[in-house]
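Worksheet: the structure to be examined is printed underneath.
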Amino acid sequence: MTERNNAFLRKAEELEPMLHTREIAVSGGERVLKKGDSLCLDFGEHLVGTVTLRLSSRGSHPDAPLWLRLKFAERMSELKENVEDYHGWISASWVQQEQIHVDELPCELRLPRRYAFRYVQLEVLDISTKYDLIVGGAVCEAVSSADDAALPPYESADAELREIDRVACRTLHDCMQEVFEDGPKRDRRLWIGDLRLQALANYETYRQNDLVKRCLYLFAGSTLPGGRVGAGMFIRPEIEADDTAMFDYSLFFIPTLWDYYEATDDVETLRELWPSAWRQIELAREGFDENGLVRDSDVLGWCFLDWNLELNKQAGAQGVYLYCLKTAGKIAAALNDGEKASLIEEEYAKKKQAALDSLYDPALGLFVSGEKRQLSWASQIWMVLGGTAGGDVLDRIAARDDAVGMVTPYLHHHYVQALIDVGQREKALEVLRSYWGGMVKLGADTFWELFNPANPDESPYGGTIVNSYCHAWSCAPAYFLRKFFSK
Ligand code: RAM
């Protein structure tokens, strides 16, 4: 059961953005197709929108329906995979594929769903031998709530960085719909971990700050029992928090609110949503032991950090909590909430000490996590962001080959932020160039949900066919490059 705050939800609804549309046409070259033939249309760029196909026939009057299979793909590689061969654990229904019967030709066939794609493949499953199909072309009505006219140029003399920024902005653009979606192919919804990073990129790019405000009110307006902010939100048919909750994602309501305030000076919203933010601290506290150490858990997904099932989350969770508590302290100070500010200060010192006492291994000079004292990048990164460690742990973890690595651009975002926080700007830029630049080199039109340079076709879902290749949490370079590496 979710809890509703109707006043908050009304505010969110009032902030519903206008969707901008753009028509992009591609020719089919009047290709003639018979049974078993296929044709791939390349729109030349990543798009999100509805598609209309122009179809006609040649030969006798069509005397049987045309039976077509259509596949929409963000990357060409998706077209080589068959949905029937996918046996992963998230639903195959995410695969953008249709089978359709066409009774009348010629026709303009408008397809039923919104797709995220660059390529459309048409395959004739069957057709009468008395006529052939002619594909005239296709038109996409692309949608986004991002206003291209509002995008300031990225000033840099470096062409590689400009290209990385361009792909990052396009990623953000295509994820900006009625809300900040995580991925327009999958999951097509608002997740708070993604929102936080999108919002940061938005402040440097499209500056549609009301869309961030809308998302904050959505999260605060429909919560899980006890006022817990859910990890994600559904907008249709009705606004409702997803019943998934994760330790870190609930807490991220706090920095998302703070960053919004810093970007806008909207103190009214800060004040109104502060109780919702504070509630996340109160709820998260239940997960700590009496010494101030977060209790580990073997419940899958209790805390996210990265798309890595092998990763132990305890140290990372402690770091996330410290980071969010620190940020809550900034809100309390901005609102002159002295009582909470001093409570926070005290609690922060205790929990930081608990991290140093129980999670820091002096012999290794690194943080370890869980009963098995696992070494990971995630633990070091979050301890830096939480204010408990310096750049030395980042150097040391890089020198080890037995540590659990990073899987997503999401964790890489936090790595880059940690490098910047400890003053290692050159290294941060190198990561932007090698990691996000690595996707550009592989032909990315938009940045991917997952990227392992050593194995670009990796998937935590059991098949790349359900991976998202335009994913919000990967738009980081637009934020970092514009904020820290301009000119
Ligand atoms: C996946 C999505 C989304 C992310 C959640 C935790 O389903 O990729 O972006 O925030 O996981």
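Numbering of ligands and ligand atoms starts at 1, following listing order. Predicted, not measured: the structure shown is a model, and the values here were computed from it.
The pair Asp457-Arg75 meets the salt-bridge criterion, since a charged nitrogen lies less than 4.0 angstrom from a carboxylate oxygen. With respect to the salt-bridge test (charged N to carboxylate O, under 4.0 angstrom), the residues Arg482 and Asp165 qualify. The pair Glu78-Lys71 does not meet the salt-bridge criterion, since no charged nitrogen lies less than 4.0 angstrom from a carboxylate oxygen.
Ranking protein heavy atoms by distance to atom 6 (C) of ligand 1, first place goes to Tyr249 OH, 3.5 Å. The nearest protein atom to atom 11 (O) of ligand 1, hydrogens excluded, is given as Trp307 NE1, 3.6 Å; this is a heavy-atom distance. The protein non-hydrogen atom at the shortest distance from atom 7 (O) of ligand 1 is Asp187 OD2, 2.8 Å. Counting only heavy atoms of the protein, atom 4 (C) of ligand 1 lies nearest to Trp473 CZ3, 3.4 Å. Of all protein heavy atoms, the one lying nearest to atom 10 (O) of ligand 1 is Asp194 OD1, 2.5 Å.
Side-chain contact of Ser250 with Arg228: a donor-acceptor pair under 3.5 Å is present, judged by distance alone.
Separation of the Tyr119 and Phe72 ring centroids does not fall under the 6.0 Å cut-off. Between Phe252 and Trp473, the ring center distance fails the sub-6.0 Å criterion. Taking the ring centroids of Tyr321 and Phe288, they lie under the 6.0 Å cut-off.
In terms of modelled atom types and a separation under 3.5 Å, the side chain of Gln380 and the main chain of Ser376 share a donor-acceptor contact.
Near Tyr461, the atoms of ligand 1 lying under 4.0 angstrom from a non-hydrogen atom of the residue are 1 (C), 8 (O). Proximity to Arg186 (heavy-atom distance under 4.0 Å) selects the following atoms of ligand 1: 1 (C), 2 (C), 7 (O), 8 (O). Atoms of ligand 1 lying under 4.0 Å from any heavy atom of His471, numbered from 1 in the order shown and given with element: 2 (C), 3 (C), 8 (O), 9 (O). Interface atoms of ligand 1 facing Glu449, defined by a heavy-atom separation under 4.0 Å, are 8 (O). Proximity to Met246 (heavy-atom distance under 4.0 Å) selects the following atoms of ligand 1: 6 (C).
Neither the backbone nor the side chain of Tyr410 has a heavy atom within less than 4.0 Å of ligand 1.
Summarising the contacts of atom 3 (C) of ligand 1 with Asp182, Thr244, Leu450, the nearest heavy atom is found in Asp182.
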